[in-house]
Amino acid sequence: MIFRLSRPLDIDPGIGITLDIEDMARCVRRTSGALYAAGVRSGDRVAVYKDNHLDCLLLAAAASRIGAVPVMLSGLLPDDSVRALLHRVTPKLLVSDERRLLRTDGDGRLLTSLAERTLCLDARRSDALTLADLAGAPEPSPAPRGNGELMMLTHTSGTTGIPKLIMYTPAKLQGQMARLECRHLPPITFRRQDTVAVFMPYVHARAFTWIYSVLTLAPAKVLVMSDSDPEVVRPLFREHPPTVIEGLPVDFTRLQELASERRRNVFSSVRMFASTFDAVYWSTIRTFLNASGHPFPLWRYGYGQSETGGLGMTFITRRTANKRRDREPGPRTVGRPMPTFVQIKVVDPQTFRPVPNGSPGLVFARTKARCIGYYGEPERWKEKAVGEWWNTGDIGIKTRTGSVKLLDREVNHTPGTSCLELEDVLVDYLPAGYDVALLTVSDGPPVPVVATPDGRIDRERWRRAARGLPELAEPIVIGSADLPRTGTGKVLREELRRRYLTGAERPGTGRWT
């Protein structure tokens, strides 16, 4: 099995861009020696805050190897969130780069003030160590964490404010979450001859379960993408045609121009596309399935949360995707609970009593993979953990066959409608590159925020797209670059509300976000 990187590793640029497992193992051992030489010991917290790449995973593995607890922070987090999280965990060591370390808060304080020591990966600074300072350090003996001990911290998306830090143990992350992905279930898992391409935030728990499945199922080649720039993706995919691609919805959106190319389409060999983290537009799914030259390509959509791992899965065929979204009315099916592993129920948001099949309510899940808490915020965990059940904060419907249909997040839900469904239909009838976020208000119809490449919209085109839909307010039109997103590409609806709907009340409570 070969790993082909889209760019060199930040922690070891000289290692090259084509690696095998032993190359990565040596890198982890060397890095664990460097961390140990920097003073990190078992139980210490090591914060990783850098550009997105596979070496985020390798840094976490190096810290775990010596019993430290990696704290994985997206390099796209805003400064106030990063500072709040670093203050919460008080890391022994912060691993970052000069661009991020130069940032100051309102009082002129640097990030280095929030960690006992700092390791700068790309420059020499008077207030930080460098990898050169630690080169050649002896490799310490492995000292892994116990099954029930805290192993790692990652953060939630932070769509409504400062993210939460989720606590993972080996028993939960390795023993439960990853175990499901390591089963050989053709055609929905990796085959030995596959070339797998992945676009992923490598600080997220999803990256850790993914790497377990890759190492277990051993596809022939893994294309590790640090971003979804079409100019980087095109030549790499032409040289190494992928058969399986996993990415975030925002990655697929950025790559749609490649999927529309007729000559030497780089997706022609793909048999399966997979998306996670957020809803993906129907028009996007259609574009990629039509770009594939495989006779029966599939789109695998996973439903889950960082705190629980996967809760359900569904598949979309090319034939289904080529129907217009409004020809398949109703909330999108996001999957069926995984047998023997996950249970789903839908309850009344006021009483928490189960509602009949087909009725909307809060989605609760019971899974063996549920994590053990929010670091430093036990009260927020108690809001969502109800005995063995987990309050997802989603409003959905459970069908009589057990499938789950998702309407909205509770914080953005208006009874009697589904903003997710309406957004999907609208985007299906608008030009490529348009995005829509509906913001609910208590005293009127949802307010559409429409993001377009040039910040303008043809009002007649908009009226045609909205024809036949429930009443919507006049759209607020912004440029695509002005649509605020999290590090995983989710739209920051609360930020949109702050910018454009000051003082407007919403129907949802937001208690379980």
Please test V214 against F3 for side chain to side chain contact (heavy atoms under 4.5 Å, CB included), starting from the C-alpha separation and ending with a verdict. CA-CA 10 Å; V214 166; F3 290 78; 3.8 Å; yes
Would you please test M177 and F208 for side chain to side chain contact (heavy atoms under 4.5 Å, CB included) and show each step? CA-CA 9 Å; M177 285 188 186; F208 291 81; over 6 Å; no
Please determine whether side chain to side chain contact (heavy atoms under 4.5 Å, CB included) holds for the pair V342 and R366, giving the CA-CA distance in whole Å, both sets of side-chain angles, and the decisive distance to 0.1 Å. CA-CA 6 Å; V342 175; R366 183 161 62 187; over 6 Å; no
Could you go through the side chain to side chain contact (heavy atoms under 4.5 Å, CB included) check for F199 and L248 one step at a time? CA-CA 7 Å; F199 302 84; L248 278 67; 5.6 Å; no
Start with the C-alpha distance between E181 and R206, add both sets of side-chain angles, then the distance that settles salt bridge (Lys or Arg N to Asp or Glu O under 4.0 Å), and finish with yes or no. CA-CA 11 Å; E181 289 209 39; R206 170 76 195 106; 2.3 Å; yes
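Salt-bridge annotation for D97 and R99: absent, with no side-chain N of the basic residue lying under 4.0 Å from a carboxylate O of the acidic one. Between E460 and R463 there is a salt bridge, with a side-chain nitrogen of the basic residue lying less than 4.0 Å from a carboxylate oxygen of the acidic one. Checked for salt-bridge contact, E494 and R506 meet the test: a charged N lies under 4.0 Å from a carboxylate O. Ionic pairing of E410 and R511 is not present here: no N-O contact between side-chain nitrogen and carboxylate oxygen is shorter than 4.0 angstrom. Between E383 and R380 there is no salt bridge, since no side-chain N of the basic residue sits under 4.0 Å from a carboxylate O of the acidic one. With salt bridges taken as basic N to acidic carboxylate O contacts below 4.0 Å, none links R254 and D227. Here R493 pairs with E423 in a salt bridge; the nearest charged N to carboxylate O distance falls below 4.0 Å.
A donor-acceptor pair under 3.5 Å links the side-chain atoms of N412 to the main chain of L438, judged by distance alone. A distance-only check finds a donor-acceptor pair linking the side chain of D55 to the backbone of D10 [under 3.5 Å]. A donor-acceptor distance shorter than 3.5 angstrom exists from the side chain of R318 to the backbone of S292, with no hydrogens or angles considered. D194 contributes no side-chain N or O that, together with a main-chain N or O of V196, makes up a donor-acceptor pair within less than 3.5 Å. Of the possible donor and acceptor atoms, one in the side chain of H53 sits under 3.5 Å from a partner among the backbone N and O of R7. Remark: the backbone N or O of Y434 is not paired with any side-chain donor or acceptor of T452 at under 3.5 angstrom. Under a 3.5 Å cut-off, the side chain of T414 and the backbone N or O of T417 do not form any donor-acceptor pair. S275 places no side-chain N or O within donor-acceptor distance of the main-chain N or O of P249, the cut-off being under 3.5 Å.
The two residues I166 and S306 have their closest heavy-atom pair at CD1-CB, 3.2 Å. Contact detail for V347 and V355: the closest heavy-atom pair is C-CG1, 3.9 Å. Considering all non-hydrogen atoms of both residues, T340 and K368 come closest at O-NZ, 3.5 Å. Nearest heavy-atom pair, V346 versus S359, reported as atom, atom and distance to 0.1 Å: CG1-O, 3.9 Å. Heavy-atom minimum distance, S157 versus K490: OG-NZ, 3.3 Å. M72 approaches P70 most closely through the heavy-atom pair SD-CB, 3.7 Å.
Within a 6.0 Å radius of OH in Y500, more than 12 heavy atoms belonging to other residues, nucleotides or ligands are found. Atom CZ of R499 sits in a crowded spot, with more than 12 heavy atoms from other residues, nucleotides or ligands closer than 6.0 Å. The neighbour count for Q193 CD, taken as heavy atoms of other residues, nucleotides or ligands under 6.0 Å away, is above 12. Residue E261 qualifies as enclosed at atom CD: its count of foreign heavy atoms under 6.0 Å is above 12.
Two residues are said to be in side-chain contact when any heavy atoms from C-beta on lie closer than 4.5 Å; F190 and V222 fail this criterion. Here the side chains of Q176 and F341 are in contact, with some heavy-atom distance below 4.5 Å. Between W462 and L472 there is a side-chain heavy-atom pair separated by less than 4.5 Å. Using a 4.5 Å heavy-atom threshold, the side chains of L298 and R271 count as separate. Here the side chains of L422 and P470 are in contact, with some heavy-atom distance below 4.5 Å. Side-chain contact check for D105 versus D79: every heavy-atom pair is 4.5 Å or farther apart. The shortest side-chain heavy-atom distance between F288 and I245 does not fall under the 4.5 Å cut-off. Contact of the L420 side chain with the L407 side chain is not registered, since no non-hydrogen atoms from C-beta on lie closer than 4.5 Å.
Sorted by first and then second residue, the ring pair (Phe, Tyr, Trp, His ring centres under 6.0 Å) pairs involving residues 386-412 (not counting sequence neighbours) are W381-W390.
The line from CZ of R300 to CD1 of I316 is 12.5 Å long, rounded to the nearest 0.5 Å. To the nearest 0.5 Å, the span separating OG on S403 from CG on N357 amounts to 10.5 Å. Remark: I395 CD1 to C419 SG distance equals 12.0 Å, nearest 0.5 Å. Distance check: L173 CG to T154 OG1 gives 8.5 Å after rounding to the nearest 0.5 Å. Taking OG1 from T195 and CZ from R191, the interatomic distance works out to 12.5 Å, rounded to the nearest 0.5 Å. With rounding to the nearest 0.5 angstrom, the CE atom of M225 is 8.5 Å from the CZ atom of R4.
When each of I344, V363, L362 is checked for a side-chain contact (heavy atoms from CB on, under 4.5 Å) with T392, only V363 meets the rule. Y374 pairs in a side-chain contact (heavy atoms from CB on, under 4.5 Å) with only one of the listed residues (R88, E379, E307), which is E307. Only one option out of R324, K323, R464 pairs with D428 in a salt bridge (Lys or Arg N to Asp or Glu O under 4.0 Å); it is R324. Of the candidates T308, D394, T314, D394 is the only one forming a side-chain hydrogen bond (donor to acceptor under 3.5 Å, both in side chains) with Y303. Each of P507, P415, P445 was checked for a side-chain contact (heavy atoms from CB on, under 4.5 Å) with T440, and the lone residue meeting it is P507.
No side-chain donor from either of H155 and S74 sits under 3.5 Å from a side-chain acceptor of the other. Side-chain atoms of S96 and K50 form no donor-acceptor pair, as typed in the model, at a separation below 3.5 Å.
Using cut-offs of 30° and 60° for the angle between ring planes, the F273 and F267 rings count as tilted.
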